[in-house]
K.L.:
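Just passing along the structure, written as structure tokens.
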Amino acid sequence: FPSDLPRDWRRWSRRAQYSPDMRRFACLLHLGQPRAYEHLRKVFPLPHPSSLTNWLSNNDAAPGFSNDIFLRLQEKVERGERAYCYCALMVQDMSLQKQQEWDPHTQRLTGFVDLGAGVLDADEAPLASEAIIVMAAGISSPWRAPLGYFFVNSTTGCLLAQLLRQTINKLNNIGITVLAVTSGATDRGAETARALGIRIDPKRIRCTFHHPPSSAHCITYFFDICHTLQLIRNALQCFQKIWWLSDTAHWQHVVELAALQEDRLLELCGPGSGHPGNKETYHLKVNLAAQLFSEGVADALEHLQKLGLASFQNCSGTIKFLRLMSHLCDIFHGRDPYGSGLKEPLLTGNYTRISHLCNEARSFFVTLTDSMGRYIIKSKRRLGFLSFLLNAESLKWLYTNSMFPEGAPFHHLLTFAFSLDPLELFLRALRQACGAGGGSPTCTMFQAAYRKLLAGCSLAPGAMHGAGDTSSMDIALARWTDLTLRSIRSQYNPAHGRTLAAELPYCAGLFLCDSRLGNALTDLSVHTQSIAHAAGLVAEQLSSDLPCEACVASLFESDESRLRCGSLLYIKMLGGLSLPSASVLHVTSISEQVLDRHGKLGDGDKNSRLWRLSLEQKIFSELLGQSHLFPTLAEHLFDGALRVNNHYTILIKEITQCYLNIRTRHYKQLNFKYHCGRHRLKRLKGKHLFPSQLGSCQSSQTHAGS
């Protein structure tokens, strides 16, 4: 600040004459050191904290609160749209590259700290290293609104708490009531909660804070569910074993499941094992896209225990622990009004069941101990469990005070709004718009990207704010990548994983040449087997890449006569390769037909991206209206937003692109120098991978195409 900053209290009493430096000083002092601000107000007539909100607001996507967004929200409230009268707040930070830049439009240096009252432009001013973003989300309707951002040098819990209080003030001024606040389950998030008045103590949990502090209005506090689960995963991994009463949860059981080899499972299902199955026709495959804390992983462990595998004979405690955590996760996954089970919104009809589960979790968590008999709820790995207890108390408080009373403003709560997923979806689009090449953006890049997203921002329910094809379910899957069996396997065996690079040229050698005469002269059964082999490779490749457990399961031809085994899949196997599902085979067959009709591989101009997009469009046109594809995904579509670009269409797109990659990348490895030569035809016919056992696959394809 300049040395001539007024020190005479009479200058501070004339608010109409406040200079920009005086405004910045007041805002920074209040946000960074609220107690010092209150003490100084006894000497200087500084403005009341609630009146600083206007100084922290700006237009044109500048740092601070976005006036345009608040104006649009106010219009909706004034039109009587009740879904916008109540909301949840969420706050998250994003790292920035410290860099001083010259802005030719404003003729000023940029890159400094700016909280909305103006940039600190001075030689001693600190450069911004983080951007704090605040967002509002509907709790009974899936609308989202980015409220603003702030450039800071270092984020503290006190600063976040003050920014949240200023945000609540500004929303209250336009008629919107804030019912909940969400932050990350980090040390900074815990500091923010304590600064607001939240008490994180298992014996005396206080899940609400008053705002204004002297009022009776209470606001609940939540920790992000994804961060919470990561902390609990870390606790189980660090302790290796967690005891409670007469049971024990073992981390090694999860590691054994993730690292389970297919040949080991084949022995269990082979002849003479006493279990259903046949080594020649079936094998068990671990669905690595499965979430650690899921019903599928618990069912898989239970099934392996019943099969008699020695490594899983004492896993009943692990199964119980995973099932309880899975049920708690589902409670906070209510992102759609049409959800089912525990994933449905919080309603009057399901509150009793949810409340009972939360009480069970509380009794369970407070008894957990490590190998030395020390309570985990008091250890250095306690934050994840305490966060769940706080979230459960906040959810029960919201139901009791906002839904149960007669004349309550709404009748259901979307618990998805109490996570950071909506804000992470916006931040993902923001990072893409920054185009920083994977690194942190500068302040100038961030502001330009934010202005671009704000220009296309829609407050309609379900709007993605420039996120493109990414849905709320997709961002949740992306954030939960570290909690999958695939992640656990990579930690303990990074080199493991079936690579298809060696098989692709062999598969390519089976393809028929891109010549109609060659296709006519070659045995059609070889052509069918080649496509079936390629479809199997497509399924194997996508099973290693797709993040969705349900989509991975739909890639393979499973044995419908067997009971579901959670994240273990009974898959039909022919010729040493997993048999793809009828839907995968049908999509690859259509892709091959389109490729045969609309272009020869090898032409230089036909390997361009435009040519690939044209092929994909023709393939989608052929598949249009074929609702019989992937029948197992019918209910899965309701787990996310009801959009055209859902997991059904994404899966078809992934299969098509993967198949075209196989056909185009390895075309040069096709050794078709003599397309019609007798020796060549003999070599093709002698290399059948799928002998007569292909019957079921061919019949499935015929049925799919009928």
K.L.:
Got a sec, which residues hit side chain to side chain donor-acceptor pair (under 3.5 Å) with W243, two or more places apart in sequence or on another chain?
P.N.:
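In terms of side chain to side chain donor-acceptor pair (under 3.5 Å), with neighbours along the sequence ignored, W243 is linked to T248.
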
K.L.:
Under the side chain to side chain donor-acceptor pair (under 3.5 Å) rule, collect the residues that match up with R206, sequence neighbours excluded.
P.N.:
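With sequence neighbours excluded, R206 shows a side chain to side chain donor-acceptor pair (under 3.5 Å) to no residue whatsoever.
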
K.L.:
Could you go through the side chain to side chain contact (heavy atoms under 4.5 Å, CB included) check for F418 and N391 one step at a time?
P.N.:
CA-CA 9 Å; F418 307 135; N391 289 359; over 6 Å; no

K.L.:
Find out whether Q240 and H250 are in side-chain contact, i.e. whether some heavy atom of one side chain is under 4.5 Å from a heavy atom of the other.
P.N.:
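In short, these two side chains do not touch, never coming nearer than 4.5 Å.
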
K.L.:
According to the salt bridge (Lys or Arg N to Asp or Glu O under 4.0 Å) rule, which pairs have a member within residues 221-236, sequence neighbours left out?
P.N.:
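As it turns out, the salt bridge (Lys or Arg N to Asp or Glu O under 4.0 Å) pairs with a partner in residues 221-236, which skip direct neighbours, are D224-R479.
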
K.L.:
Please evaluate residues E256 and L309 with respect to the criterion side chain to side chain contact (heavy atoms under 4.5 Å, CB included), reporting the C-alpha separation (whole Å), side-chain torsions for both, the decisive distance (0.1 Å), and the verdict.
P.N.:
CA-CA 11 Å; E256 291 283 349; L309 198 61; over 6 Å; no

K.L.:
Are the side chains of W480 and I225 in touch, meaning some heavy atoms are under 4.5 Å apart?
P.N.:
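Yes, at least one pair of side-chain atoms sits under 4.5 Å.
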
K.L.:
Nearest 0.5 Å please: distance from the OG atom of S394 over to the CD1 atom of I198.
P.N.:
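Going from the OG atom of S394 to the CD1 atom of I198 covers 6.5 Å.
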
K.L.:
Closest approach of A361 and L328, non-hydrogen atoms and distance?
P.N.:
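The answer is CB-CD1, 3.7 Å.
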
K.L.:
Can you check whether S379's main-chain N or O pairs, donor with acceptor, with R382's side chain at less than 3.5 Å?
P.N.:
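Yes.
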
K.L.:
Find the distance between CD (E295) and CE (M325) and round it off to the nearest 0.5 Å.
P.N.:
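One finds 13.0 Å between CD of E295 and CE of M325.
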
K.L.:
What class does the angle between the rings of F332 and F222 fall in, given that below 30° is parallel, 30 to 60° is tilted and above 60° is perpendicular?
P.N.:
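Answer is perpendicular, since the angle exceeds 60°.
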
K.L.:
Relative to each other, are the rings of F388 and F365 parallel, tilted or perpendicular (30° and 60° limits)?
P.N.:
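Tilted, since the angle between the ring planes falls between 30° and 60°.
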
K.L.:
Indicate the atoms forming the closest heavy-atom contact of L542 with C658, along with that distance.
P.N.:
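Looking at all heavy atoms of both residues, the closest pair is CD2-CB, 4.3 Å.
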
K.L.:
Rounded to the nearest 0.5 Å, what separates atom CZ in F223 from atom OG in S183?
P.N.:
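It comes to 5.0 Å.
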
K.L.:
Got a donor-acceptor contact below 3.5 angstrom from the R489 side chain to the L260 backbone?
P.N.:
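Yes, R489 side chain to L260 backbone: donor-acceptor pair under 3.5 Å.
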
K.L.:
Hey, can you tell me if F293 and F321 have their rings parallel, tilted or perpendicular (30° and 60° cut-offs)?
P.N.:
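Judged by the thresholds at 30° and 60°, the geometry between F293 and F321 is perpendicular.
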
K.L.:
Ignoring hydrogens, what is the shortest heavy-atom contact between M90 and A137? Give both atom names and the distance.
P.N.:
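Result for this residue pair: CE-CB, 3.7 Å.
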
K.L.:
One pair to check against side chain to side chain contact (heavy atoms under 4.5 Å, CB included): L322 and S326. What are the steps and the verdict?
P.N.:
CA-CA 6 Å; L322 296 181; S326 172; over 6 Å; no

K.L.:
Is a side-chain donor or acceptor of T656 paired with a backbone partner of I652 at a separation under 3.5 angstrom?
P.N.:
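Indeed, once roles are kept as given, a pair shorter than 3.5 Å links the two residues.
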
K.L.:
Is the closest side-chain heavy-atom distance between L357 and L324 below 4.5 Å?
P.N.:
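Sidechains of L324 and L357: in contact.
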
K.L.:
For the pair K285 and E540, find out whether any cationic side-chain nitrogen is under 4.0 Å from an anionic carboxylate oxygen.
P.N.:
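Salt bridge: yes.
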
K.L.:
Are the side chains of T192 and V91 in touch, meaning some heavy atoms are under 4.5 Å apart?
P.N.:
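Side chain of T192 against side chain of V91, heavy atoms only: no contact under 4.5 Å found.
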
K.L.:
Assess, by modelled atom type and distance only, whether the side chains of Q291 and E549 contain a donor and an acceptor separated by less than 3.5 Å.
P.N.:
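Absent: no donor and acceptor within the cut-off.
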
K.L.:
Donor-acceptor pair, S487 side chain versus T484 backbone, under 3.5 Å?
P.N.:
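Looks like no, no N/O pair under 3.5 Å.
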
K.L.:
Should the heavy atoms of other residues, nucleotides or ligands under 6.0 Å from CG of D545 be counted, would the total exceed 12?
P.N.:
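For D545, atom CG is crowded (more than 12 foreign heavy atoms under 6.0 Å).
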
K.L.:
Give the intermediate values and the outcome of side chain to side chain contact (heavy atoms under 4.5 Å, CB included) for residues V587 and V538.
P.N.:
CA-CA 11 Å; V587 173; V538 169; over 6 Å; no

K.L.:
Taking the side chain as C-beta and beyond, is there a heavy-atom pair between V552 and L288 under 4.5 Å?
P.N.:
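No, too far: nothing below the 4.5 Å cut-off.
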
K.L.:
Test: side chain to side chain donor-acceptor pair (under 3.5 Å). Region: residues 362-375. Which pairs qualify, not counting sequence neighbours?
P.N.:
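Checked against side chain to side chain donor-acceptor pair (under 3.5 Å) - neighbours excluded - the pairs reaching residues 362-375 are D370-R374.
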
K.L.:
Is any side-chain heavy atom of W244 less than 4.5 Å from a side-chain heavy atom of I376?
P.N.:
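They are not in side-chain contact.
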
K.L.:
Measure the shortest side-chain to side-chain distance between R144 and F426 over non-hydrogen atoms and say whether it is less than 4.5 angstrom.
P.N.:
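Of all side-chain heavy-atom pairs linking F426 with R144, none is under 4.5 Å.
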
K.L.:
Looking at every non-hydrogen atom in both residues, tell me the closest pair between V584 and F630 and how far apart they are.
P.N.:
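Heavy atoms only, the tightest pair is CG2-CE2, 4.1 Å.
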
K.L.:
Between C238 and W251, is there a side-chain heavy-atom distance shorter than 4.5 Å?
P.N.:
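With C-beta onward as the side chain, the pair stays apart.
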
K.L.:
To the nearest 0.5 Å, tell me how far Q305 CD sits from I319 CD1.
P.N.:
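Going from the CD atom of Q305 to the CD1 atom of I319 covers 5.0 Å.
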
K.L.:
Nearest 0.5 angstrom please: L660 CG to T588 OG1, how far?
P.N.:
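With rounding to 0.5 Å, CG (L660) is 10.5 Å from OG1 (T588).
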
K.L.:
Checking H253 now: which residues fulfil side chain to side chain donor-acceptor pair (under 3.5 Å) with it, not counting sequence neighbours?
P.N.:
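For H253 the side chain to side chain donor-acceptor pair (under 3.5 Å) partners, ignoring immediate neighbours, are T318.
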
K.L.:
List the atom of G317, the atom of D247, and the distance in Å for their closest heavy-atom pair.
P.N.:
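In terms of heavy atoms, the two residues are closest at CA-CB, 4.1 Å.
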
K.L.:
Is a side-chain N or O of S554 found less than 3.5 angstrom from the main chain of C551, in a donor-acceptor match?
P.N.:
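Yes, because the side chain of S554 sits within donor-acceptor range (under 3.5 Å) of the backbone of C551.
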
K.L.:
Quick one: closest heavy-atom pair of I331 and T415, and the distance?
P.N.:
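Nearest pair, atom of I331 first, then T415: O-OG1, 2.7 Å.
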
K.L.:
Roughly how far apart are L623 CG and K653 NZ, rounded to 0.5 Å?
P.N.:
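With rounding to 0.5 Å, CG (L623) is 13.5 Å from NZ (K653).
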
K.L.:
Quick one: list whatever passes side chain to side chain donor-acceptor pair (under 3.5 Å) with N359, sequence neighbours left out.
P.N.:
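N359 satisfies side chain to side chain donor-acceptor pair (under 3.5 Å) with K396 once adjacent residues are dropped.
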
